[in-house]
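These notes concern the structure reproduced below.
First the proteins, then the strands, lettered A, B, ... as listed; each starts at 1.
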Amino acid sequence: MPELPEVETIRRQLNKHILEKTIVGIKVISKKSFIGDSSRLINKKVIKILRFGKYFCFQLTKNLFLNFHLKMTGQLLYARDMNKAQFNTKIPFTKTDTMPGKTTRVIINFNDNSGLFFNDLRKFGWAKVGNKPEQPKGVDVLSKEFTIHYFIKIVRTSKKRIKILLIDQDKLSGIGNIYANEILFNARINPLRVSLFLKPLEISKLFQAIKKIIEQGIRFGGSSSADEAFIQTDGSKGRFQQRLYVYQREDKSCHVCKTLIKRIKHGGRSSFYCPNCQPIIHI
DNA sequence: AGGGGTACCTGCGGGC
DNA sequence: TGCCCGCAGGTACCCC
């Protein structure tokens, strides 16, 4: 699920709620979802919340870090009162879920009776206690290290298809399948184009598109599609899914030119593009 | 290097 | 209704 905008949305919301709070309880329901010794967290205070690409962590007192990677279906829900934790995870105002639910894997309690539910349907995600933040190799696309110069360098030295390069977390971190598709549409570049054949103007358009689309994703609170894998920390949906031009729009008409959006598979996953707006020039 | 496949999990929707 | 198949916001690992 969560790509950079979703994780950043979670980080900003938690920032309002859990700073300076002390962890007083932790319950690991699914062993697979928690790495390390959970008892080390007890009586540690949350100093800061950090994000690196799609990873994020709580920096705690005593030089301890509680790291998270939400993978496809991880969610973090914040409850003010853990004794009556209810969230609008279905359709708002009609159906309400009480937590813990059947996908709740870890529960964290704070000293003021508030707490967090780490839910994860597919159990690919994890929380991990350690002495340092977990970080991807690639440059975070929101960081100051992500410059046009760095971007030109990685694009010119890669023979991969541009779509595959964009989601390569060893080169750039934060972009996943939804945003890669939307970024390429915004720059009017076909996902199958080979990186090193992109022209200077296209590289520059792509660089701008990355910044623009990622910032938009954050501004709209992330993207929640029909299956609701991503929800915000209060259980509500993001709004970026209303602004998708190509992702999951196969056979629907392009918002710009009315041509039908195409879906192809490569790199083991779906890519969506408009054959008219994003023509294949030379693959 | 890059490409392809599989695996990790669970659930949902479509086709027959 | 019921079953089988393909699909899903991520990543690691294998083989060619």
- Query: Among all residues two or more places apart in sequence or in another chain, which pass the ring pair (Phe, Tyr, Trp, His ring centres under 6.0 Å) test with A:F65?
  - Reply: none
Interface polar pairs with nucleotides 13-16 of chain C, N/O, under 3.5 angstrom:
none

- Taken to the nearest whole Å, CZ/A:F52 to P/C:dT11 is 16 Å
- Message: Please determine whether a side-chain nitrogen or oxygen atom of A:R263 lies at a distance below 4.0 Å from atom OP1 or OP2 of C:dA8.
- Response: yes
- How far does the C1' atom of C:dC3 sit from the matching atom of B:dC8, given to the nearest Å? 24 Å
- Query: In whole angstroms, how far is the P atom of B:dA1 from the CD1 atom of A:I162?
  - Reply: 18 Å
- Query: Checking only heavy atoms, does the side chain of A:S223 share a donor-acceptor pair with the base of C:dG9 at less than 3.5 Å?
  - Reply: no
- Quick one: are the ring centres of A:F185 and A:Y247 less than 6.0 Å apart? no
- Message: Looking at every non-hydrogen atom in both residues, tell me the closest pair between A:N190 and A:Q278 and how far apart they are.
- Response: ND2-O, 2.9 Å
- Message: Quick check on B:dG5: syn or anti? Syn means the glycosidic torsion is within 90 degrees of zero.
- Response: anti
- Query: How long is the line joining CH2 of A:W126 and C1' of C:dG10, in whole Å?
  - Reply: 11 Å
- Item | side-chain hydrogen bond (donor to acceptor under 3.5 Å, both in side chains) partners of A:D37, counting only residues at least two apart | A:S39
- Task: In whole angstrom, give the distance that lies between atom CD of A:Q241 and atom C1' of C:dA8.
- Result: 16 Å
- Task: For C:dG6 versus B:dG5, give the span between their P atoms, rounded off to a whole number of Å.
- Result: 13 Å
- Query: How long is the line joining CD1 of A:I231 and C1' of C:dG9, in whole Å?
  - Reply: 14 Å
- Quick one: which residue pairs count as a salt bridge (Lys or Arg N to Asp or Glu O under 4.0 Å) with a foot in residues 7-17 of chain A, not counting sequence neighbours? A:E8-A:R11, A:E8-A:R12, A:E8-A:R51
- Message: Strictly under 4.0 angstrom, non-hydrogen atoms only: write out the protein contact profile of nucleotides 8-15 of chain B, one letter per nucleotide from the 5' end, B, S or -.
- Response: BBBS----
- Message: Using OP1 and OP2 only, check whether a side-chain N or O of A:K54 sits under 4.0 Å from C:dT11.
- Response: yes
- Message: Check this one for me: any side-chain N or O of A:Y247 less than 4.0 Å away from OP1 or OP2 of C:dG9?
- Response: yes
Pull out every protein N or O sitting under 3.5 Å from an N or O of nucleotides 2-5 of chain B, one pair per line with the distance.
from  : atom 1 : to     : atom 2 : distance (Å)
B:dG2 : OP1    : A:K159 : N      : 2.8

- Query: Taking only residues two or more places apart in sequence, or in another chain, which ones meet A:Y273 in a ring pair (Phe, Tyr, Trp, His ring centres under 6.0 Å)?
  - Reply: none
- Query: For atom P, what is the distance between C:dG9 and B:dG2, given to the nearest Å?
  - Reply: 23 Å
Exercise answer: donor-acceptor pairs, residues 126-139 of chain A side-chain atoms, under 3.5 Å, sequence neighbours excluded:
from   : atom 1 : to     : atom 2 : distance (Å)
A:K128 : NZ     : A:E134 : OE2    : 3.0
A:N131 : OD1    : A:R40  : NH2    : 3.1

- Rounded interatomic separation in angstrom, taking CD from A:Q75 and P from C:dG9: 16 Å
- Taking atom P in both B:dG11 and C:dT11, compute the distance separating them and give it to the nearest angstrom. 23 Å
- Taking the side chain as every heavy atom from C-beta outward, state whether A:Q86 and A:T98 have any atom pair closer than 4.5 Å. yes
- Message: Between A:F58 and A:L41, is there a side-chain heavy-atom distance shorter than 4.5 Å?
- Response: no
- Message: Please give the stem ranges for DNA chain C, sorted by first residue number, where a stem is three or more consecutive Watson-Crick or G-U pairs and both donor-acceptor distances are under 3.5 Å.
- Response: B:2-8 with C:10-16, B:10-16 with C:2-8
- Message: Would you call the rings of A:Y55 and A:H69 parallel, tilted or perpendicular, taking 30° and 60° as the class edges?
- Response: perpendicular
- Message: side-chain hydrogen bond (donor to acceptor under 3.5 Å, both in side chains) for A:E6 and A:Y179? Distances and angles first, verdict last.
- Response: CA-CA 11 Å; A:E6 288 74 32; A:Y179 291 94; 2.7 Å; yes
- Task: Using ring pair (Phe, Tyr, Trp, His ring centres under 6.0 Å) as the criterion, list what pairs up with A:F117, not counting sequence neighbours.
- Result: none
- Closest approach of A:T73 and A:L121, non-hydrogen atoms and distance? OG1-N, 3.5 Å
- Side-chain atoms of A:S270 come closest, of C:dG10, C:dA8, C:dG9, to C:dA8
- Atom NZ of A:K137 and atom C1' of C:dA12: how far apart are they, to the nearest Å? 11 Å
- Could you check how far CD1 of A:I183 sits from P of C:dG9, rounded to whole Å? 15 Å
Donor-acceptor pairs under 3.5 angstrom involving side-chain atoms of residues 249-256 of chain A: please list them, not counting sequence neighbours.
from   : atom 1 : to     : atom 2 : distance (Å)
A:R249 : NH1    : A:Y245 : O      : 2.9
A:R249 : NH1    : A:S253 : O      : 3.3
A:R249 : NH2    : A:S253 : O      : 3.0
A:E250 : OE1    : A:R263 : NE     : 3.1

Counting only pairs under 3.5 Å, give me each side-chain donor-acceptor contact of residues 20-28 of chain A, with atom names and distances, residues two or more places apart or in other chains.
from  : atom 1 : to     : atom 2 : distance (Å)
A:E20 : OE1    : A:K45  : NZ     : 3.2
A:K21 : NZ     : A:H17  : O      : 2.8
A:K21 : NZ     : A:Y78  : OH     : 2.8
A:K21 : NZ     : A:D112 : OD2    : 2.8
A:K21 : NZ     : A:S114 : OG     : 3.3

